[in-house]
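One structure is given here, and the rest of the page talks about it.
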Amino acid sequence: MRLKLYNSLTRTKEEFKPLKKGVVGVYVCGPTVYGHAHLGHAKSYVGFDILVRYLRYLGYSVTYVQNITDVGHLTDDADEGEDKVGEAARREKKHPMALAELYTRSYFEDMDRLNCVRPDISPRASGHIIEQIELVKTLLEKDYAYEVNGSVYFDVSKFADYGKLSGRNVEDMQAGARVEISPDKKNPADFALWKKAEPNHIMQWPSPWGMGFPGWHLECSVMSMKYLGKTIDIHGGGLENQFPHHECEIAQSQAANDAQFVRYWLHNNMVTVDGQKMGKSLNNFITLKQAFSGAHEKLTKHYDPMAVRQLILNSHYRSPLDFSDAALFAAHSGHEKLTETVKAVRKRMLQAPNGPIETKLAKQLRQFRVKFEAAMNDDLNTSVALSVLFELARVANKLLDQNTTDQTLSAIDALFGRLGDDVLGIVKHQYEEQVSDEVIDKLVRFWIQRRNQARRNKDFALADGTRAELDNIGIVLEDGPDGTTTWRWK
RNA sequence: GGCGGCGUGGCCAAGUGGUCUAAGGCGACGGUUUGCAAAACCGUUAUUCGCCGGUUCGAAUCCGGCCGCCGCCUCCA
C-alpha cells in the first residue's frame, strides 16, 4: 500500500506521488514571531513533523521549508491593521528585528523540546524583500495587479480559481461583513501585495511604488518558489489559513508563474482548551513554556514536552484537538509506560543470554510494522500507529518476565527505534538518567541524618562505616563544633 | 449571513457498508507477582456508536429530519 494524503484542494485522499521521483519539497507556513509559541503551534508543527519524518522513513529525500514571518502580518484585516511584529516591538520596547529574533529563538527552543526535526530552511520574510518586490512587478506587468497611492493590490476578479481551495465564491461572500472595505480597492476581495508605509512605520523598504512593506501572503509564494520551485509537492498549514492566506498564495503564484502552485494541500485542524477556542482574551491561552512549566491556572502540573507530543499524536491531524489537564495527564501516563518499557528492554538487552529470535515472534514484529505502515499510509493515522507501539510494549513486557534472548530484545528495541523514534518521535535514542545537584544533596543529607542517629546511639561502628562508605564515593563529611555536619566533594 | 466539521464506554480516541457483540491509551475494579508497595502481566469495565425515520440481505458507517457542540470567514498555527 502506498501513502495516501488528504488533499484539501480535491477534498479526497489521494495517493501521494511527488513531481520528481524520490524527492519531495514540503513547505509549511511558519509562525509569526511576535510572541511565544502556544499549544496551537504545537499541534500544527508536530503534525507536519510527522509528515516529514514519515516521508523520510519511506525513503524520500525531503526538503523541508518553513518560513519565519517577521514582517507584513497585520493585526487586523489583511489590509488595515498594524504590523504584528511592529506592534509587539513597540509594546516591549524593542527593535522589531530584535523582537523577531527573540521569539524565533523561543520558537526553535520549544519545537526542539517537542522533538520536532528542524526545517532544512527557515527563511525570513524580511530577508526576501527583493524577491517579493520582483513578484509584485511581475504581477503588475501581467495586469493581475494595480497600484493605488503607493500600495499594490491583487485583482481577484482576474483570477478565476480564487476561492477554489476553501470552497468559497467571491460573489457569495458578504463583502466587508466584518471588515471595513478599503476605499483603494476595486473589489473588496482584492488583497494587498505591497503596502505603502507611513513615515513612523519602522519596517519599510524602498520599492518602485515608494517606501513600503510586503503584504503577508506574498512571502510564502516567494520563498516556496525560491527554495522549492514554481510547483511544489506539499504545502501545509493551519486550517485557519486556508482562507484567505492560502487562496491568495495560489492566486499570486499561479498568476505569476502560469504553473500549478501546489500539488497537495494539507491542513491541520485547530486546538481548543477545555472545549473552547483558545484565545488571548479567554484566559485559556496556554503557551508551550507554560505547559512545560505548569505555570497556568488551567494546569495542575507541569507536562513533559513528550506528553504534549503524545497527546497530539493520539488523535488525527485533521481532527480538532481539545487540550485539557485530564487529557494531558492521560497522555503523560501513556508516554511514561512506553518509555519505561523501552528503557527496560535496553537494560535487559545487555545481560540477556545469547540466542536468536523466535520465528513466531519475528513474524509478529513484522506484522506490527505492517499495521503501523498501513495506518501511516492512510493519511497519517497516528492514533492507530501509536496503538501499535502499545501492543509492542505489551509483548515486550511479557518477554521481560521470561528469560528471553538478546537477539529478541534487540529486535524489539530496533522496532521501537524505527517506529517510535524515527517516525513518531516519542521514543528517544538514549535516556540519560540525569541526577541534579539538588537530589544528590538530599541523598547525602539523608545519610548524614542516619549517621548522626547512629552517633547519638553510640553506635560508632555504624557511624564510622557510613562515613567511610561516603568517602569511597568521594564525599567528605565534616562535623562542625556545633554538632552540624556538612559535606563536600573530595 | 456564507463555508465547514463534530457528537463512539467514566475521560481521550480510532474505525466511515459485512472480519465491529467497535483498536489503542488513561481511569476504575478484581486477580497474578511482591515482606509491603511501585512497575509489569491477566481479567472486567459500549450487544452499542446524539435522537427519530429511511435505503439495504446487512449501517457506528449511506440518505432525510431533529437536537446538541465546535471551528473558519477578525486576531490566531
Side-chain angles (χ1 to χ4, degrees), chain A residues 8 11 28-32 34-35 37-48 66 69 73-82 84 87 107 111 163 166-180 189 236-245 247 267-272 275-282 285 288 307 310-338 340-341 343-344 371 375 378 381-402:
Chain A
S8 302
R11 286 153 220 269
V28 172
C29 283
T32 301
Y34 68 110
H38 50 69
L39 293 172
H41 293 100
K43 172 161 166 71
S44 188
Y45 298 122
V46 167
F48 292 117
Q66 190 190 99
T69 299
H73 198 171
L74 307 185
T75 55
D76 213 301
D77 141 72
D79 303 315
E80 298 308 322
E82 194 179 355
K84 286 184 181 184
E87 188 205 32
Y107 171 73
M111 291 302 129
S166 53
R168 285 157 212 259
N169 184 320
V170 177
E171 285 86 60
D172 285 355
M173 282 191 300
Q174 280 198 320
R178 299 171 73 168
V179 172
E180 291 268 321
L239 197 55
E240 82 289 346
N241 280 333
Q242 192 177 46
F243 184 90
H245 186 51
E247 290 288 0
H267 287 101
N268 210 307
N269 217 316
M270 320 268 295
V271 307
T272 52
Q276 294 285 188
K277 77 178 286 189
M278 188 171 78
K280 281 181 176 159
S281 55
L282 296 170
F285 191 90
L288 291 169
Q310 175 113 5
L311 178 58
I312 292 167
L313 298 183
N314 187 234
S315 67
H316 192 87
Y317 77 91
R318 282 193 290 117
S319 303
L321 171 59
D322 185 48
F323 276 94
S324 63
D325 190 67
L328 275 165
F329 194 89
H332 167 257
S333 300
H335 181 257
E336 210 163 46
K337 179 181 188 149
L338 289 178
E340 290 308 314
T341 304
K343 281 187 193 169
K371 185 176 174 187
D378 184 16
N381 190 333
T382 51
S383 183
V384 171
L386 195 57
S387 78
V388 174
L389 287 197
F390 280 106
E391 288 174 33
L392 176 60
R394 190 162 61 240
V395 168
N397 279 319
K398 269 193 237 181
L399 287 166
L400 286 171
D401 285 344
Q402 302 156 18

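Each chain gets a letter, A, B and so on, in the order its sequence line appears, and its residues count up from 1. None of these values were measured; they are calculated from a predicted model.
One C1' atom belongs to B:A28, the other to B:A46, and the distance between them is 16 Å to the nearest Å. Of the P atoms belonging to B:A38 and B:C26, the separation is 16 Å, rounded to the nearest Å. One P atom belongs to B:C11, the other to B:C73, and the distance between them is 31 Å to the nearest Å. Nucleotides B:G24 and B:C41 have their P atoms positioned 13 Å apart, rounded to a whole Å. B:A37 and B:G30: their P atoms are spaced 12 Å apart (whole Å). Comparing the same atom, P, in B:C63 and in B:U55 gives a spacing of 15 Å after rounding to whole Å. Distance noted for atom P between B:U61 and B:G54: 14 Å (whole Å). The separation of B:C49 from B:U16, taken at their C1' atoms, amounts to 12 Å, rounded to a whole angstrom.
Regarding A:Phe243, its CZ atom lies at a distance of 18 Å from the P atom of B:A77, rounded to whole Å. A:His316 has its NE2 atom 12 Å from the P atom of B:U16, to the nearest Å. To the nearest angstrom, C1' of B:C3 lies 15 Å from CE of A:Met270. Remark: C1' of B:A28 and CZ of A:Phe329 are 14 Å apart, rounded to the nearest angstrom. Spacing between atom CZ of A:Phe323 and atom P of B:C11 amounts to 20 Å, rounded to whole angstrom units. Protein atom CG of A:Asn397 is 12 Å distant from nucleotide atom P of B:G25, rounded to whole Å. Look at CD on A:Glu336: it is 21 Å from P on B:G24, rounded to the nearest Å. Regarding A:Leu311, its CG atom lies at a distance of 11 Å from the P atom of B:C12, rounded to whole Å.
Summarising the base pairing, B:C41 is matched to B:G31 through a Watson-Crick or G-U wobble pair whose two defining distances lie under 3.5 Å. With a 3.5 Å ceiling on both atom-pair distances, the Watson-Crick or G-U wobble partner of B:G10 is B:C26. Searching all strands for a Watson-Crick or G-U wobble partner of B:U19 with both distances below 3.5 Å returns nothing. B:A46: no Watson-Crick or G-U partner with both key distances under 3.5 Å is found in any strand. Across all strands shown, B:C69 forms a Watson-Crick or G-U wobble pair, both distances under 3.5 Å, with B:G5. Of the nucleotides present, none pairs with B:U56 by Watson-Crick or G-U wobble criteria with both distances under 3.5 Å.
Not one side-chain nitrogen or oxygen of A:Arg318 sits closer than 4.0 Å to the OP1 or OP2 atom of B:C6. Contact annotation: A:Ser8 side-chain N/O to B:G4 OP1/OP2 distance is not under 4.0 Å. For A:Asn381, a side-chain nitrogen or oxygen approaches OP1 or OP2 of B:G15 to under 4.0 Å. An OP1 or OP2 oxygen of B:C75 is reached within less than 4.0 angstrom by no side-chain nitrogen or oxygen of A:Lys277. Between A:Asn314 and B:A13, a side-chain N or O to OP1/OP2 separation shorter than 4.0 Å is absent.
At the heavy-atom level, A:Lys43 lies nowhere under 4.0 Å from the strands shown. Heavy atoms of A:Gly238 sit under 4.0 angstrom from primed sugar atoms or phosphate atoms, though from no base atom. Residue-level contact check: A:Ser324 touches neither bases nor backbone, having no heavy atom under 4.0 Å from any strand. Within 4.0 Å of A:His245, counting heavy atoms only, lies no atom of the nucleic acid at all. Across all strands, A:Val271 comes closer than 4.0 Å to base atoms (heavy-atom distances). Here A:Ser166 lies in heavy-atom contact (under 4.0 Å) with sugar-phosphate atoms only. When heavy atoms are screened at a 4.0 angstrom cut-off, A:Gly47 is found touching no nucleic acid atom at all.
Below the 3.5 angstrom threshold, one finds no donor paired with an acceptor across the side chain of A:Ser315 and the base of B:A14.
At least one side-chain heavy atom of A:His41 sits less than 4.5 Å from a side-chain heavy atom of A:Met111. Side-chain atoms of A:His38 and A:Phe285, non-hydrogen and from C-beta on, do get closer than 4.5 Å to each other. The side-chain heavy atoms of A:Leu288 and A:Leu39, taken from C-beta on, include a pair separated by under 4.5 Å. Within the 4.5 Å cutoff, side-chain heavy atoms of A:Gln66 are placed close to those of A:Tyr45.
Mapping A:Ser383 and A:Ala330 onto RNA chain B by nearest heavy atom places A:Ser383 closer to the 5' end of the strand. Nearest-nucleotide positions on RNA chain B for A:Ala393 and A:Ala327 put A:Ala327 closer to the 5' end.
Residue-environment remark: CZ (A:Phe329) stays at or below the threshold of 12 foreign heavy atoms within 6.0 Å.
At a cut-off of 3.5 Å, with distance as the only test, no side-chain donor of A:Ser166 or A:Gln242 sits close to an acceptor on the other residue.
Distance CG/A:Leu386 to CD1/A:Ile312: 12.0 Å, rounded to 0.5 Å.
Aromatic ring orientation, A:Phe48 versus A:Tyr317: tilted (interplanar angle from 30° to 60°).
Residue A:Ser333 places its side chain closer to B:G27 than to any other of B:G27, B:A77, B:G25.
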